[in-house]
Amino acid sequence: METNSSVRVRFAPSPTGFLHIGGARTALFNWLFAKHHGGTYILRIDDTDEQRSTQESMQQIYDSLKWLGLDWDEGETVGGDYQPYVQSQRRKIYQKYIQNLLENDNAYYCYCTPEELSQIREHARAENRNQSYNGKCRNLTEKDHRKFEAEGRKPTVRIKVPNQPILVQDLILGETQIAPSSLQDEVIVKSNGAPLYNLTSIADDIEMQVTHVIRGADHLNNTSKQIMIANALSAKIPQFAHLPMVLGSSKGEKLSKRHGATSVDQYRKDGFIPEALINFLVRLGWSLDDKTEILSINDMIDNFSLSRIGKSGSVFDVKRLEWLNNHYILKLNLAKRTSAVIPFLQRDGLLEDNFSNEERPWLEKIVESVGDRLTTLADITTYTKFFFTDDFDYHPKDVKKWLTKGDPVAVLSGARDTLLAIENFDLDTVESKIKDYLNKLEIKRIQVMQPLRLALSGQTFGPDLFTIIILLGQEKTISRINRLIDYIPTINKRSAN
RNA sequence: GCCCUCUUCGUCUAGCCAGGUCAAGGACACCAGCCUUUCACGUUGGUAACGCGGGUUCAAAUCCCGCAGAGGGUACCA
């Protein structure tokens, strides 16, 4: 493994909502890059958007990152040499940068009103240029300033586009030159005095000694603006790596709610586990070789490299996530799997919030009976509901398929009597007695097993039938069979209604 | 419109930089068989891709040019 302790990276979300999938991948890649190089991973909150940033979002992002296991070395909650790590608390620091820019004539005050600006924008567009500002206030005289101030106009601060092209060197995308003509004098401080993202982001990257900026490709255009600012400051710029976008469908659209859940928190609620999500995310744009799909965190850390990240966007395919989720749930030992599943049983009202420890062994047996069927933790309810409650229906389709042919009442009665006669009600005995019974009948096993399944669980899928019988116990098993036997004569009446 | 970027099976990707071993490999999904008390799992097999057009070369998925398509940006958002 390469070791370069001077590597410093950051994940800098804006707290305007939950942590979404794309953000989680960006965080993961930064985290892996830092771990791989023995460097430092910083969590910074870029909350310069006063309108949309909220405390709740900040907390949600922290929670999601922690749930994923992406702990940070420096940041609001853990400290570090560059506190504070929340941009809204760093205004004083940016002031220094703004002064520098202004004093060296690399930035200037602009008094244009929103109306004037939109006119300029329209004009530029009519001429097929993409600049929305024309440098109108670049060369204001002292007199102009006084006049505007007297009118009560509050100025913004704009950075001056240099004459030379901006060179953007990207570790993933390669090198591009951005002509001054396709850049414009960006606003870096709002008229209310609030510094804007493109200033604060690069200022903090410089300030915090960030060596590599790894972020989504949606920031590609911002990078040239930020390099322009850093150049004006004569500051050393970090290296950049833009991650291709995470897309929502094969049409190549950016991932959005229309394509299903987009937040990490929603996937947690849906019963996905962090190991699966991490493994899924790391393979979105990155690969180790031509065949490795499953990687442990250590595998990822040992092998992670920016050079193996592709250039094109990746579609978020939930089927792949489900496959990984099933895989990682299986890797959980019974105790862990049981613990993981408990909140979902509680959520679905099958288990008391304060269930007793005595129930734990029984719970574990139920979870064990489910075997490898869980795609998500939330699936536990589907497979085990009938263990917890008698309140279940028989699906009409199953009823029609298994209870309307032959003589199900006789078949079930026979099975019931067989079970009733058993003294040692254990798995081996139950299994052998039932099999003896099956062998005596002249119908296919399935014709007995499925009606029994329906009687006991209301379903024709799920755990091993003999295990279900044992977990339910003799008494409940018998009464549920009787319940179905009583139900069968009413079937025709029901369908007639 | 303008600027920037991208383009291998339906999806994630390997291969591309250092052209031949690629009549393109793996995985998810899908389909079929096997296994089986159900559903899953597992297992065996199958369908399926180098966006298009030029060029360079003995040879191009790989290099060059053009086109098309897609994405991102174009804010006193990030």
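Order of the sequence lines fixes the chain letters, A, B, ..., with proteins taken first and strands second; residue numbering starts at 1 for each chain.
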- So with a 6.0 Å cut-off around NZ of A:K365, is the heavy-atom count from everything else above 12? no
- Rounded to whole angstrom units, what separation is found between the CG atom of A:N134 and the C1' atom of B:C2? 16 Å
- Searching all strands shown, indicate the nucleotide that pairs with B:A48 (Watson-Crick or G-U wobble; both distances under 3.5 Å). none
- By the Watson-Crick or G-U definition, both distances under 3.5 Å, B:U11 is matched with B:A27
- Query: Is A:S191 side chain donor-acceptor paired with the B:C76 base, going by distance under 3.5 Å alone?
  - Reply: yes
- Passing option when A:Y62 is tested against A:F11, A:W72, A:Y85, A:F18 for ring-ring contact (aromatic ring centres under 6.0 Å, His included): A:W72
- Compare side-chain N and O positions of A:S314 against OP1 and OP2 of B:C12 and report whether any pair is under 4.0 Å apart. no
- Message: Under 3.5 Å, is there any donor-acceptor pair linking the side chain of A:R129 to the base of B:C2?
- Response: no
- Message: Ring of A:Y133, cation from A:R158 - is the NZ or CZ under 6.0 Å from the centre and inside 45° of the axis?
- Response: yes
- Query: Any side-chain heavy-atom pair from A:M228 and A:I178 closer than 4.5 angstrom?
  - Reply: no
- Query: Hey, does the side chain of A:R153 come within less than 4.0 Å of B:C76's phosphate (OP1/OP2), counting only N and O?
  - Reply: no
- Note on the structure: The correct set of residues in residues 176-183 of chain A placing a heavy atom under 4.0 Å from RNA chain B is A:T176, A:I178, A:S182
- Please give, in whole Å, the distance from B:U13 C1' to A:N279 CG? 14 Å
- Message: Is it the case that over 12 heavy atoms from other parts of the model lie below 6.0 angstrom from the NE2 atom of A:H395?
- Response: yes
- Message: So if I define the base as every atom that isn't primed, P, OP1 or OP2, how would nucleotides 25-36 of chain B read as a B/S/- string at a heavy-atom cutoff under 4.0 Å?
- Response: BBBSS-------
- Item | Residue-phosphate contact under 4.0 Å: A:S287 side-chain N/O, B:A14 OP1/OP2 | yes
- Query: With the threshold set at 4.0 Å, does a side-chain nitrogen-carboxylate oxygen contact exist between A:K190 and A:E50?
  - Reply: yes
